[in-house]
**Q** 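After the structure tokens below, expect a handful of questions from me.
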Protein chains: 2
Amino acid sequence: MTAAGQGTVYRRVALIGLGLIASSMAHAIKAAGLADEIVGFAKSAESRAVAIDIGFVDRTAETAAEAVRGADLVVLAVPVGAMGAIAAEIGPHLAPGATVTDVGSVKQAVIDAVAPHIPAGVHFIPGHPIAGTEHSGPRSGFATLFQNRWWLLTPVPGTDPEATRRLRQLCESIGAKVDEMDAEHHDLVLAVTSHTPHLIAYTMVGVADDLARVTDSEVIQYSAAGFRDFTRIAASDPTMWRDVFLTNKDATLEILGRFTEELFALQRAIRLGDGAHLHAYFTRTRAIRRGIIEAGQDTSAPDFGRVQPPGK
Amino acid sequence: MTAAGQGTVYRRVALIGLGLIASSMAHAIKAAGLADEIVGFAKSAESRAVAIDIGFVDRTAETAAEAVRGADLVVLAVPVGAMGAIAAEIGPHLAPGATVTDVGSVKQAVIDAVAPHIPAGVHFIPGHPIAGTEHSGPRSGFATLFQNRWWLLTPVPGTDPEATRRLRQLCESIGAKVDEMDAEHHDLVLAVTSHTPHLIAYTMVGVADDLARVTDSEVIQYSAAGFRDFTRIAASDPTMWRDVFLTNKDATLEILGRFTEELFALQRAIRLGDGAHLHAYFTRTRAIRRGIIEAGQDTSAPDFGRVQPPGK
């Protein structure tokens with residue numbers, strides 16, 4: 001395999017899937033000159049055409065197998081439920097010494113689905129950039145999506161340290177902070193910080209939609225901050241999130257059980273008029289927010305310190 | 001009562017409570033020159049000193065009774081649970097012809113608590129600006145908080161149309177869109193769009209805090225978009241929210257019941273691996289988001305089109 005050019009981290013990057021994460025990676029890799037060539041594949045011919053049109057890939061391939069040929073980095077950026085089939089297809093075509101990573105929100109299920117298809121001599125290093133917006137598709141990406149966001153890697157035992165170092169370098173070069181953890185632990189932490197909150201937001205928005213006495217237009221018109229934020233979360237890609245819940249089932253169900261328990265305790269306090277219980281609970285949760293701001297994962301500014309994509 | 005000066009809507013505005021909403025109103029009223037004088041009262045001497053220091057009131061009073069003397073607009077901006085006691089205190093000191101309004105998030109309970117103390121010849125027009133941030137206190141206000149936000153008035157039958165028109169004019173002059181509705185209906189709509197979402201966010205953040213296996217620092221460090229938004233909501237003022245749930249008990253409990261029902265259906269779909277159910281649900285909720293954006297209550301930009309207070 002030819003060495004990567006000066007300043008680049010990989011010679012040829014193959015993106016399998018051309019949605020929000022893949023297109024943002026491509027924009028960021030191009031902006032920082034981290035690869036000589038980016039090849040893209042998406043099932044949809046329209047997505048491939050958009051990627052060429054916008055110019056975040058140098059070329060597209062008609063199949064995933066063709067896209068990965070000769071690539072020294074392959075990024076699986078499809079919904080978690082589609083990872084296994086893609087891995088089976090590309091496995092025989094992967095270049096010796098190449099690194100395969102993924103960007104799925106669940107890690108153990110991806111390892112179970114993908115690892116059996118990775119040939120000896122190819123490095124599979126699962127990953128998860130904790131970054132996103134409620135938008136999806138090849139037009140939704142922007143180069144600064146990963147700025148100051150965590151990118152968690154969950155390498156399996158025996159992974160080549162040099163391959164991991166190179167992948168870390170790429171993630172860091174597009175602005176992310178990288179950490180490594182065990183896949184099972186990752187899935188529990190994310191069930192708390194992301195998966196269950198998303199399910200709850202979906203539920204609340206669905207309830208609002210169902211209510212006959214509160215007409216849609218009123219819910220929409222007078223939507224206050226709480227509900228507005230929920231609708232943004234609940235506007236996320238349905239296929240991606242279906243797969244998250246189906247593949248991180250155990251952790252999500254466990255956290256949901258705890259959530260319901262706590263919610264019933266607060267509901268009981270409301271019914272009984274126990275203001276002291278409510279006040280103490282709300283005071284405790286306020287402190288967690290301060291911790292997040294101090295950890296630099298958010299700001300107290302009304303725009304949340306969010307990264308603004310250019311021209312939006 | 002002296003007529004208000006040229007360009008002004010009220011001669012003297014008395015703000016009872018000097019938190020986020022009152023201080024934002026004061027900033028906005030001063031910026032637009034809508035009153036000749038703003039008098040402030042807060043229970044806390046420190047809050048009164050801050051209000052003078054920042055300069056959003058012209059003077060403060062030592063008691064609520066003293067603050068309302070000679071005012072042609074009195075704004076009750078204290079937690080909903082404190083409205084009744086304040087009304088009892090100021091009732092005998094209200095100027096004939098004056099208007100009393102409030103900014104509480106619950107309306108029927110405020111009407112029940114306040115109306116009996118309002119003397120004949122004084123106009124009580126309950127109100128609720130649907131605007132806020134997770135911050136509280138006299139330092140948290142800014143003049144543009146109400147820009148493009150709804151301000152709901154829930155006048156009781158027989159309210160003087162001219163007094164209502166004047167209050168509407170003030171609200172609109174500081175950027176709000178005004179609508180009128182029945183108090184009971186208001187409380188149900190807000191239970192859906194604001195009160196229940198807040199309780200759910202508080203609950204989820206509390207669950208995360210409780211989990212022993214997921215250390216605080218990890219929850220904070222790797223907090224993804226979903227959870228970050230929840231912590232912001234759950235950082236809201238504990239006293240204000242305790243009062244909201246205690247005073248809008250019936251509507252909140254009803255919506256919570258529907259929420260739990262829906263959540264259990266989704267939980268069951270996860271347990272049974274029913275991906276079609278999940279996908280259909282998530283697709284439906286995505287459409288509601290589009291409605292909100294089209295209604296102009298939010299934008300698709302990552303900063304939510306939020307108003308940015310100066311210097312933050």
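Chain identifiers are assigned alphabetically (A, B, ...) following the order of the sequence lines, protein sequences preceding nucleic acid strands; residue numbering begins at 1 within each chain.
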**Q** Using a cut-off of under 4.5 Å for heavy-atom pairs, which of A:D179, A:T196, A:D243 has the most such pairs with chain B?
**A** A:D179
**Q** Identify the heavy atoms of B:G206 and A:R284 that sit nearest to each other, and give their distance.
**A** O-NH1, 3.8 Å
**Q** Classify the ring geometry of A:F264 against B:F264: parallel below 30°, tilted from 30° to 60°, perpendicular beyond 60°.
**A** perpendicular
**Q** Go through the atoms of A:T252 and report whether side chain, backbone, both or neither lie under 4.5 Å from a heavy atom of chain B.
**A**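 The answer is the side chain of A:T252.
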**Q** Checking A:T283 against B:R242: is there a side-chain donor and acceptor pair closer than 3.5 Å?
**A** no
**Q** Can you tell me if B:K43 has over 12 outside heavy atoms packed within less than 6.0 Å of its NZ?
**A** no
**Q** Would A:F282 and B:D237 satisfy side chain to side chain contact (heavy atoms under 4.5 Å, CB included), going step by step from the backbone distance to the final call?
**A** CA-CA 8 Å; A:F282 301 164; B:D237 184 45; over 6 Å; no
**Q** When you compare the side chain of B:L266 with that of A:F245, does any pair of heavy atoms fall below 4.5 Å?
**A**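 Answer no - side chains too far apart.
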**Q** Parallel, tilted or perpendicular for B:F259 and A:F259, by the 30°/60° rule?
**A**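 B:F259 vs A:F259 ring planes: perpendicular.
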**Q** Of the listed residues (A:S105, A:A235, A:A201), which shares the most heavy-atom pairs with chain B below a 4.5 Å separation?
**A**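 Top option by heavy-atom pairs under 4.5 Å: A:A235.
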**Q** Donor-acceptor check, side chain of A:T285 to backbone of B:A234, threshold 3.5 angstrom: yes or no?
**A** yes
**Q** Within the structure provided, determine whether B:T231 and A:R286 are in side-chain contact (heavy-atom separation under 4.5 Å).
**A**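 Side chain of B:T231 against side chain of A:R286, heavy atoms only: no contact under 4.5 Å found.
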**Q** I'd like a table of donor-acceptor pairs (distance under 3.5 Å, sequence neighbours excluded) in which one partner is a side-chain atom from residues 274-281 of chain A, with atom names and distances.
**A**
unit_1: A:D274; atom_1: OD1; unit_2: A:A276; atom_2: N; d: 3.4
unit_1: A:D274; atom_1: OD1; unit_2: A:H277; atom_2: N; d: 3.1
unit_1: A:H279; atom_1: NE2; unit_2: B:T239; atom_2: OG1; d: 3.0
unit_1: A:Y281; atom_1: OH; unit_2: A:E262; atom_2: OE1; d: 3.0
unit_1: A:Y281; atom_1: OH; unit_2: B:T203; atom_2: O; d: 3.3

**Q** Would B:L263 and A:L199 count as a side chain to side chain contact (heavy atoms under 4.5 Å, CB included) here? Give the steps.
**A** CA-CA 8 Å; B:L263 184 63; A:L199 191 74; 4.0 Å; yes
**Q** Using a 4.5 angstrom heavy-atom cutoff, name the option from B:G81, B:G257, B:A131, B:S236 with the most pairs to chain A.
**A** B:S236
**Q** To the nearest 0.5 Å, what is the distance between CG on A:D250 and CD1 on B:I270?
**A** 11.0 Å
**Q** Does a side-chain heavy-atom distance below 4.5 Å link A:E261 with B:V207?
**A**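 No - every pair of side-chain heavy atoms lies 4.5 Å or more apart.
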**Q** Search all heavy atoms of B:M204 against all heavy atoms of A:I255 and return the closest pair with its distance.
**A**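 That would be CE-CG2, 3.9 Å.
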**Q** What part of A:L253 is in contact with chain B, defined as an atom under 4.5 angstrom from a non-hydrogen atom: side chain, backbone, both or neither?
**A** side chain
